[in-house]
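Note: hydrogens, waters and symmetry copies are ignored here, and every other heavy atom, side chains too, is used. One-based numbering, in listed order, for ligands and for the atoms of each. Sequence positions, counted from 1, serve as the residue numbers for this chain.
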Amino acid sequence: MKYFERMKEKFNALKDKQDVYVLSIESSCDETSVAVVKNGREVLSNIIATQIEIHRRFGGVVPEVASRNHVLAISNIYEEALKKAGIGESQVDAVAVTYGAGLVGALLVGVNFAKGLAYKLDLPLIAVSHVHGHISANYISHPTLKPPFVCLMVSGGHTALLKVEDYNKFTMLGMSVDDAVGEAFDKVARVMGLPYPGGPEIDKLAKEGERKYNFTVSKSLQSTFNFSFSGIKTEVVNLVHNKTQKGEEIDRANIAHSFQECVTDELATKAIKACRYANMDKLVIAGGVGANSRLKEKVKALCEENNIQFFSPVLAYCTDNSAMIGSMAYYMIKDGIGLADLTLTAKPNVEFR
Ligand code: KG4
Ligand code: ZN
């Protein structure tokens with residue numbers, strides 16, 4: 001039987017298999033990660049080699065450096081993931097990989113490794129979208145959580161409000177028309193001389209400050225579920241540059257606090273509005289900025305006021321990891337979608353739907 005026909009048969013057989021073990025790979029940015037996930041929710045291993053220290057000296061991720069370090073790390077991480085999971089290659093049912101969105105050179109390392117592995121083990125290869133993976137991180141942290149719900153997706157690459165009607169049915173309610181919110185956090189941190197990644201640094205520093213600056217987000221998007229963060233980012237950058245030129249002190253804690261309050265107000269209010277609009281009583285946060293303490297605090301409080309159940313992944317599953325990819329792949333297998341052949345390649349941009 002031809003290779004892809006055989007894979008289709010194996011893939012379809014997994015729909016009814018009781019226990020499905022997915023080996024998943026993630027390399028879209030600066031984390032090389034391999035996981036083994038059983039039945040979409042049970043993480044047997046989730047090994048992450050982070051390159052944060054390597055990129056810190058450049059103030060951000062250098063794509064070429066990221067790719068090279070993925071190449072160096074991936075084989076060892078794979079061995080470690082199997083070992084930690086306590087299973088052999090023969091127990092794996094499918095290989096899943098993030099094929100986009102992300103840095104194309106970084107993604108290619110994971111995609112090529114996954115293709116080689118799937119071929120060697122004669123297993124179906126599942127192509128998973130990184131943003132869908134972020135949503136799935138919540139299924140790991142909340143074993144009883146099921147769609148439908150509204151998802152506030154907030155990462156370094158994406159900011160969006162999605163209606164998640166089913167595991168594989170996503171409708172876009174709104175998205176950022178320019179910068180992702182994580183990008184704005186990182187840029188604001190960088191201009192104030194804070195280390196990469198800036199989000200967690202702003203989060204920490206903001207606790208020591210107060211809302212001294214009246215930063216704003218675009219009013220023109222008020223009646224939509226779209227976001228814009230480039231304006232506020234520029235406002236902060238200009239403020240810091242002006243102060244530097246005048247030799248004034250840069251009160252970083254107050255700037256961090258004011259910036260964070262403004263963007264989290266915008267995210268939290270629109271997320272609640274989206275729940276009301278979509279008639280949903282569950283709100284789920286996904287992505288790295290979901291680790292932000294103030295965002296979680298605000299969304300949680302507003303959810304309580306509005307009788308909406310609130311979910312966010314535990315910290316370790318907020319930022320990039322491959323367990324979330326393994327979880328998403330399981331639900332794709334069950335719905336019979338996502339089977340890829342060996343022509344699979346990396347995509348820098350992937351549609352949400
Ligand atoms: O989801 P993620 O790991 O990668 C992408 O898919 O982009 O998100 C990374 C982003 C970075 O911009 C980082 O600064 C931000 O998440 N981040 C935070 C926090 N922790 C990570 N932003 C605000 N507050 C945090 N505590
Ligand atoms: Zn991510």
Side-chain angles (χ1 to χ4, degrees), residues 24-33 35 46 48-52 55-56 59-61 63 66 97-104 106-107 110 128-138 151-160 175-176 179-192 194-207 229-230 232-233 236 256-257 259-268 284-299 312-325 327-328 347-350 352:
S24 49
I25 295 164
E26 155 65 41
S27 69
S28 65
C29 191
D30 58 347
E31 258 94 35
T32 323
S33 180
N46 179 40
I48 305 172
T50 180
Q51 302 174 16
I52 284 179
H55 296 283
R56 192 162 271 163
V61 178
V97 65
T98 305
Y99 73 103
L103 302 169
V104 75
L107 287 162
V128 180
S129 145
H130 183 77
V131 288
H132 293 169
H134 271 303
I135 299 171
S136 233
N138 282 281
C151 174
L152 173 63
M153 162 67 59
V154 277
S155 72
H158 298 92
T159 304
M175 64 191 291
S176 175
D179 294 353
V181 65
E183 230 176 309
F185 265 97
D186 292 343
K187 182 68 202 235
V188 162
R190 190 173 168 172
V191 79
M192 293 199 291
L194 299 169
Y196 170 84
E201 300 293 326
I202 299 267
D203 196 350
K204 250 188 277 162
L205 195 60
K207 291 187 173 44
F229 295 111
S230 80
I232 185 168
K233 179 191 77 181
V236 179
H257 183 98
F259 165 78
Q260 182 174 274
E261 285 305 308
C262 182
V263 298
T264 53
D265 277 350
E266 172 76 351
L267 291 167
V284 163
I285 292 192
V289 184
N292 186 268
S293 59
R294 196 65 184 118
L295 178 64
K296 281 195 284 195
E297 214 171 88
K298 280 186 190 170
V299 175
S312 72
V314 296
L315 214 56
Y317 295 124
C318 272
T319 44
D320 291 348
N321 66 88
S322 57
M324 67 187 198
I325 303 302
S327 171
M328 189 62 223
K347 289 216 174 125
N349 298 306
V350 169
F352 277 96

_Carboxylate-amine/guanidinium contact Arg294 Asp203, below 4.0 Å_ =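 No.
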
*So, Glu183 and Lys233, do they make that salt bridge, N to O below 4.0 Å?*
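Salt bridge absent between Glu183 and Lys233.
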
*asked:* Counting only heavy atoms, tell me which of Asn292, Val154, Asn321, Asp320 gets closest to atom 24 (N) of ligand 1.
replied: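 Answer by nearest heavy atom: Asn292.
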
*Part of Glu31 within contact of ligand 1 (heavy atoms, under 4.0 Å)*: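 Neither part.
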
*asked:* Restricting to non-hydrogen atoms, name the atom on Val289 and the atom on Gly182 that form the minimum distance, rounded to 0.1 Å.
replied: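 For Val289 versus Gly182, the nearest heavy atoms are CG2-CA, 3.6 Å.
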
*Return yes or no for this condition: an N or O of Gly157 is under 3.5 Å from an N or O of ligand 1.*
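In this structure, Gly157 places an N or O atom under 3.5 Å from an N or O of ligand 1.
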
*Would you say Thr319 and ligand 1 have an N/O pair spaced under 3.5 Å apart?*
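So ligand 1 has no N or O lying under 3.5 Å from an N or O of Thr319.
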
_Among the N/O/S atoms of Asp320, which is closest to the Zn ion (ligand 2)? Give the atom name._
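Output for this pair reads OD1.
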
_Nearest non-hydrogen protein atom, atom 14 (O) of ligand 1_ =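 For this ligand atom, the closest protein heavy atom is Asp186 OD1, 2.6 Å.
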
*How far is atom 15 (C) of ligand 1 from its nearest protein heavy atom, and which residue and atom is that?*
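Its nearest protein heavy-atom neighbour is Val289 CG2, 3.9 Å.
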
Would [X] count as a contact residue for ligand 1, given that I'm defining contact as a non-hydrogen atom of the residue lying under 4.0 Å from a ligand atom?
X: Gln260; result: no
X: Cys29; result: no
X: His158; result: no

*Please confirm if an N, O or S atom belonging to Cys29, backbone or side chain, lies less than 2.8 Å from the Zn ion (ligand 2).*
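No, outside the cut-off.
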
*Would Phe185 and Phe229 count as a close aromatic pair, with their ring centres under 6.0 Å?*
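No, they do not, as the ring centres are separated by 6.0 Å or more.
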
